[in-house]
Colleague: 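Below is the structure I would like to discuss, written out as structure tokens.
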Amino acid sequence: MPELPEVETIARGVRPALRGRRIARVVVREPRLRWPVADDLPPRLAGRTVRDVRRRAKYLVIDAGPESLIAHLGMSGRLLLVEADAPAARHDHVDVVLSSGLAVRLRDPRRFGSLHVAAAPGDHPLLAKLGPEPLGDRFDGRYLFSVSRGRTVSIKDLLLNSRIVAGIGNIYASEALFGARVHPRTAAGRLGRVRLERVAAAVRAVLQRAIDTGGTTLRDYRTPGGDPGLFSIELAAYGRAGRPCPRCGAAIRALRQGGRSSFYCPRCQRR
DNA sequence: ACTGGCACCTGGGCGC
DNA sequence: TGCGCCCAGGTGCCAG
């Protein structure tokens with residue numbers, strides 16, 4: 001389910017319910033997530049007070065005293081804010097029960113998500129090697145230029161590489177390249193500074209816009225309270241194969257890269 | 001060091 | 001209705 005803007009929106013959504021609350025207990029009904037939930041995760045978090053909730057790439061980091069809970073929602077994960085005694089539905093794998101009587105519940109049918117506990121989350125193996133945040137100061141055209149010299153990988157796959165830049169997903173990679181008018185199969189190393197500046201600016205613009213509107217591109221997105229997302233972001237290219245390009249009217253095309261779909265305008269987007 | 005392909009898992013939609 | 005197939009928003013790991 002979640003791309004970076006959704007994770008950011010989720011972090012903002014659960015922050016008020018979590019911040020300053022004590023974690024009464026963590027209930028693990030199904031530990032078999034992408035990585036098994038560690039046996040010592042519940043005892044390490046129980047009794048801690050949540051200081052803050054933040055996002056790194058698509059990870060939620062819940063800072064709770066000397067320990068932090070790291071959560072990834074994978075493809076199908078959702079966080080729900082529920083009454084602590086609300087009956088668990090199918091795929092409700094873990095509850096973080098708060099002293100307030102609410103619980104943050106992880107529901108994840110595909111179980112591609114994961115939960116981890118770490119005293120130094122930034123050093124956790126899943127976070128330590130992430131590239132810069134796409135909305136942070138270190139990500140710009142100059143940076144993309146420096147990391148792409150000599151590389152034959154497509155610009156689309158480069159944007160999806162979390163060691164290069166953290167948290168850009170398949171939808172936003174397509175949308176950003178549409179915005180930058182760069183063909184998704186272009187070898188990253190063949191792009192010059194000017195076009196990489198456009199790519200970086202388009203990445204930032206499309207992500208920031210999605211966050212600012214509080215919206216989502218995702219049809220089945222729900223807020224932590226269970227409300228439907230606003231679904232307010234109009235996608236220009238993603239999922240629109242055969243339909244007209246909003247810029248020039250040519251038919252949008254689909255292609256496969258690394259087993260994933262890309263969408264682009266064959267007239268606007270140049271190699 | 002890079003690159004492309006596979007793996008993990010469930011559910012929804014489609015054609016027959 | 002049912003079955004089989006393909007597809008899906010992520011990302012670590014592997015062989016080449």
Side-chain angles (χ1 to χ4, degrees), chain A residues 1-10 29-37 55-60 70-79 89-94 106-116 124-131 134 146-178 184-190 203 206-207 210-211 215-223 228-242 254-263:
Chain A
M1 174 199 83
E3 287 248 11
L4 183 149
E6 286 75 32
V7 178
E8 179 65 33
T9 301
I10 290 165
R29 294 181 204 86
E30 173 53 88
R32 295 174 304 162
L33 305 184
R34 176 156 192 203
W35 286 278
V37 177
R55 176 193 61 76
R56 170 75 170 116
K58 291 173 192 150
Y59 293 92
L60 288 164
I70 301 168
H72 196 288
L73 300 178
M75 296 268 270
S76 58
R78 290 165 51 183
L79 284 187
R90 189 164 154 78
H91 306 308
D92 286 352
H93 305 313
V94 177
L106 173 67
R107 177 177 297 172
D108 184 5
R110 289 176 76 178
R111 286 189 278 122
F112 283 2
S114 60
L115 296 177
H116 313 268
H124 189 279
L126 294 176
L127 301 187
K129 291 178 179 174
L130 292 173
S146 71
V147 296
S148 59
R149 290 315 84 190
R151 297 194 62 168
T152 60
V153 70
S154 72
I155 183 63
K156 165 88 183 310
D157 284 337
L158 190 83
L159 292 178
L160 291 176
N161 182 342
S162 64
R163 295 187 178 210
I164 299 292
V165 53
I168 300 177
N170 198 41
I171 292 177
Y172 289 99
S174 265
E175 290 297 301
L177 291 174
F178 176 84
R185 278 221 231 265
T186 313
R190 292 188 54 238
V203 165
V206 69
L207 294 175
I211 292 171
T216 174
T217 51
L218 306 180
R219 238 165 248 296
D220 59 358
Y221 173 76
R222 294 292 181 278
T223 68
L230 299 177
F231 196 48
S232 59
I233 308 301
E234 282 299 315
L235 294 178
Y238 189 88
R240 300 189 69 244
L255 54 79
R256 301 288 293 181
Q257 289 179 280
R260 327 205 51 199
S261 295
S262 295
F263 298 87

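Numbered from 1 within each chain, the chains take letters A, B, ... in sequence-line order. Keep in mind it's a predicted model, so treat the numbers as computed, not measured.
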Colleague: Mind checking who dC9(B) pairs with, Watson-Crick or G-U wobble, both distances under 3.5 Å?
Modeller: none
Colleague: Between dT3(B), dT10(B), dT11(C), which nucleotide gets closest to the side-chain atoms of R260(A)?
Modeller: dT11(C)
Colleague: Can you see if the side chain of R90(A) gets near the phosphate of dG11(B) - specifically, an N or O under 4.0 Å from OP1 or OP2?
Modeller: yes
Colleague: Within the stacking criterion (centroid distance below 5.5 Å, interplanar angle below 30°), does F112(A) stack on dT11(C)?
Modeller: no
Colleague: Among dT3(B), dA8(C), dT10(B), which is the nearest nucleotide to the side chain of H91(A)?
Modeller: dT10(B)
Colleague: Measure the spacing between CG of L160(A) and CZ of R260(A) and express it to the nearest 0.5 Å.
Modeller: 6.0 Å
Colleague: Between G259(A) and A57(A), which has a closest nucleotide on DNA chain C that is more 5'?
Modeller: G259(A)
Colleague: Using a cut-off of less than 4.0 Å, is there contact between a side-chain N or O of R110(A) and OP1 or OP2 of dG11(B)?
Modeller: no
Colleague: Using a heavy-atom cut-off of 4.0 Å across all strands, would you classify R151(A) as base, sugar-phosphate, or nothing?
Modeller: sugar-phosphate
Colleague: To the nearest 0.5 Å, how far apart are CD1 in I171(A) and CD in E6(A)?
Modeller: 7.0 Å
Colleague: Are there any protein N/O atoms within less than 3.5 Å of an N/O atom in nucleotides 12-16 of chain C, and if so, which ones and at what distance?
Modeller:
{"from": "dG12(C)", "atom 1": "OP1", "to": "Y59(A)", "atom 2": "OH", "distance (Å)": "3.4"}
{"from": "dG12(C)", "atom 1": "O4'", "to": "R34(A)", "atom 2": "NH2", "distance (Å)": "3.1"}

Colleague: Do K58(A) and L73(A) have side chains that get closer than 4.5 Å, going by heavy atoms?
Modeller: no
Colleague: Does a side-chain N or O from H72(A) land closer than 4.0 Å to OP1 or OP2 of dG10(C), or not?
Modeller: no
Colleague: With P as the reference atom in both, quote the distance from dC6(C) to dC6(B) in angstrom, rounded to an integer.
Modeller: 14 Å
Colleague: Return no unless some side-chain N or O of S261(A) is found under 4.0 Å from OP1 or OP2 of dC7(C).
Modeller: no
Colleague: Just N and O in the side chain of R111(A): are any of them under 4.0 Å from OP1 or OP2 of dT11(C)?
Modeller: no
Colleague: Within the 4.0 Å heavy-atom criterion, would you say R32(A) contacts the bases, only the backbone, or no part of the nucleic acid?
Modeller: nothing
